[in-house]
Amino acid sequence: MDQKKLPEGFLWGGATSDFQYEGGFNEGGRGILTHDYETNGSVKNPRHHTMQMPDGQIIEPKSSFITAEDVPLKAKPIFLSDQYYPSHQAVDFYHHYQEDIKLMADMGFNVFRFSICWSRIFPTGEEDKPNLAGLEFYDDVIDEMAKYQMQPLITICHDEMPMQLALKYDGWNNRRLIDYYLKYAKTLFERYGDRCKYWLTFNEINAVRGFGPTGVHRAQGQDRYQAAHHMFVASAKAVKLGHQIMPHSQFGAMYAMSEIYPITCKPADMFWRLQERQENWYFIDIMGRGYYPSYAATIWQRHQIQAPKMAVGDAEILREGQLDFISFSYYRSSTVKAGDPWFNVGGSSNPYLKETPWGWPLDPLGLRYCMNEIYDRIQKPLFVVENGLGAIDQPDENDYVTDDYRISYLRDHLSAMADAINLDHVPCLGYTMWGPIDLVSLSTGEMKKRYGLVYVDMDDLGQGSLKRTPKKSFNWFKKIIATNGAALADEI
Ligand code: BG6
């Protein structure tokens, strides 16, 4: 029975991001974010930023922000009346936070990962003083959580920035962003540091691509690696400052992990897999070990770029501002063959795995594999901060969803995680499943790709009552948390 039980003090909860969950985009003095001009979309019809050239011409999108949309430097964002912009309302946590936190508490969450909206605190990013109403909103959220002994895990920056920093400076491509980010991070540490121990400097930093997450107009090649370098330095400076202001604090940054398999055991496929892995290790090694690894030069050469420009003192700060723990998202694995494009998350298809309707392979053992690999390499505790199944739910007339498929997914992944912890001795601080209350999909902007344990009555165009209704998985997860994982063993 205790085979799956997790160590005492394990943190259980859920994770969200502000622009997918919060809404209230023009309330409480919030400024405009890069994601506010992003349309909804679908797998076939990628979401994009609505932008206009100085001569009034609307830019025709070629690809979605996630596959690195290029935005011409002179373009300005424009709201088009025939488009729907999901970040504006999202699922309105802004007005539902008390109800949502109570639902999370009912499931037994002792941690809730959420991101602070940068432009709610500094509307353009450039103000000297923060927006008080923005700070007060998160005070209310954290105090509400405290009523239920639920602690925050705060993502300082979840793939976003105030639009002005993107338009004026080309986002993270500009070194000045480090100072804007630090001013913002310091404000959060001073305001919430007495109530928050765990912090994430960035979300999925190894996925630095696209205008929305980076504010960089062409976040590829040289600009991508330069932007990443500025983010590494910003993260390290924030960790150092955070430790000074909040001696009890613990820092991670979040990585998009997917286990990567070679399609065959042909040495060329195996070697390709190793190199594809290094494209990700690059980020984790620099932030987790505090220095650029030797293979970084191979990566720059492969992408035909120069080493990113580094300032005097950067190497030292990377060493001083190393992360305390390694946190990551895991949804799926990928399979590669020699010659595949780099960072091709989709890769080749794996004949041994089933896929979701969005083409994401289902692979719980991949999670255990990843946990072992990361810990072997970095030797710091892990934190699984995103995992879950995006699925199309069919609510009955009372909005109740019988989501056995989600229960199976979570059961199998939690079970694999428990094996990594209990059998492979990988230390792990906690698990926050993605989107406990249904929210907007990042990649497609849809509502119908739902992860939640609680159904939200809202469709892809933002229509619906926003009523919250627990799904079948709600009580299931509650039982798993109540037994600290032990009940997983009953189901296998
Ligand atoms: C992670 C992001 O990439 O995956 C989340 O940190 C995102 O913001 C999640 O929502 C799931 O992706 P999607 O596209 O299904 O929402």
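Remember, it's 1-based here, ligands and their atoms both numbered in the order they're listed. Side chains included, hydrogens not; waters and symmetry mates left out as well; all remaining heavy atoms used.
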K.L.:
Are any of the N or O atoms of Y451 closer than 3.5 Å to those of ligand 1?
P.N.:
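Yes, Y451 has an N/O under 3.5 Å of an N/O on ligand 1.
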K.L.:
For N203, which part has a heavy atom under 4.0 Å from ligand 1: side chain, backbone, both, or neither?
P.N.:
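For N203, only side-chain atoms sit under 4.0 Å from ligand 1.
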K.L.:
Check this for me - ligand 1, V440, N or O atoms closer than 3.5 angstrom, yes or no?
P.N.:
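Not met; the criterion fails.
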K.L.:
Could you note down all residue pairs passing salt bridge (Lys or Arg N to Asp or Glu O under 4.0 Å) where residues 15-28 supplies at least one of them, sequence neighbours left out?
P.N.:
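Only E22-R120 qualify under salt bridge (Lys or Arg N to Asp or Glu O under 4.0 Å).
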K.L.:
Using 30° and 60° as the class boundaries, would you call the ring planes of F19 and H35 parallel, tilted or perpendicular?
P.N.:
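Because their plane-to-plane angle is under 30°, the rings of F19 and H35 count as parallel.
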K.L.:
Do ligand 1 and E204 have nitrogen or oxygen atoms that lie under 3.5 Å from each other?
P.N.:
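Between E204 and ligand 1, an N or O pair is found under 3.5 Å apart.
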K.L.:
Assess the pair H88 and F79: is the distance between their ring centroids shorter than 6.0 Å?
P.N.:
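Aromatic pair counts; centres sit under 6.0 Å.
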K.L.:
Would you say that R30 contacts F25 through its side chain, given a criterion of any heavy-atom pair below 4.5 Å between the two side chains?
P.N.:
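The answer is yes, as the side chains (C-beta and beyond) meet within the 4.5 Å cut-off.
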K.L.:
If the cut-off is 4.0 Å to any non-hydrogen atom of Q20, which atoms of ligand 1 fall inside it?
P.N.:
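In order of numbering, the contacting atoms are 5 (C), 7 (C), 8 (O), 10 (O), 16 (O).
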K.L.:
What I want to know is whether W360 and ligand 1 share at least one N or O pair that is separated by under 3.5 angstrom.
P.N.:
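By distance alone, the answer is no.
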K.L.:
When you measure from atom 13 (P) of ligand 1 to each heavy atom in S441, A256, S115, which option holds the nearest one?
P.N.:
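The residue whose heavy atom sits nearest atom 13 (P) of ligand 1 is S441.
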K.L.:
Which part of S17 is near ligand 1, with near meaning a heavy atom under 4.0 Å away: side chain, backbone, both or neither?
P.N.:
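Contact part for S17 vs ligand 1: neither.
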K.L.:
Let me know which of D92, D438, D100 forms a salt bridge (Lys or Arg N to Asp or Glu O under 4.0 Å) with R468.
P.N.:
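Between R468 and the candidates, salt bridge (Lys or Arg N to Asp or Glu O under 4.0 Å) is satisfied uniquely by D100.
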K.L.:
F202 pairs by ring pair (Phe, Tyr, Trp, His ring centres under 6.0 Å) with which of F251, W118, W172?
P.N.:
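By the ring pair (Phe, Tyr, Trp, His ring centres under 6.0 Å) criterion, F202 pairs with just one of F251, W118, W172: W172.
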K.L.:
Backbone or side chain, does any N or O of W434 fall under 3.5 Å from an N or O of ligand 1?
P.N.:
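The answer is yes, given that W434 and ligand 1 share an N or O pair closer than 3.5 Å.
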K.L.:
Which pairs pass salt bridge (Lys or Arg N to Asp or Glu O under 4.0 Å) with one or both residues in residues 382-395, sequence neighbours excluded?
P.N.:
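Sorted result for residues 382-395: R113-E386, D393-R406, D393-K471.
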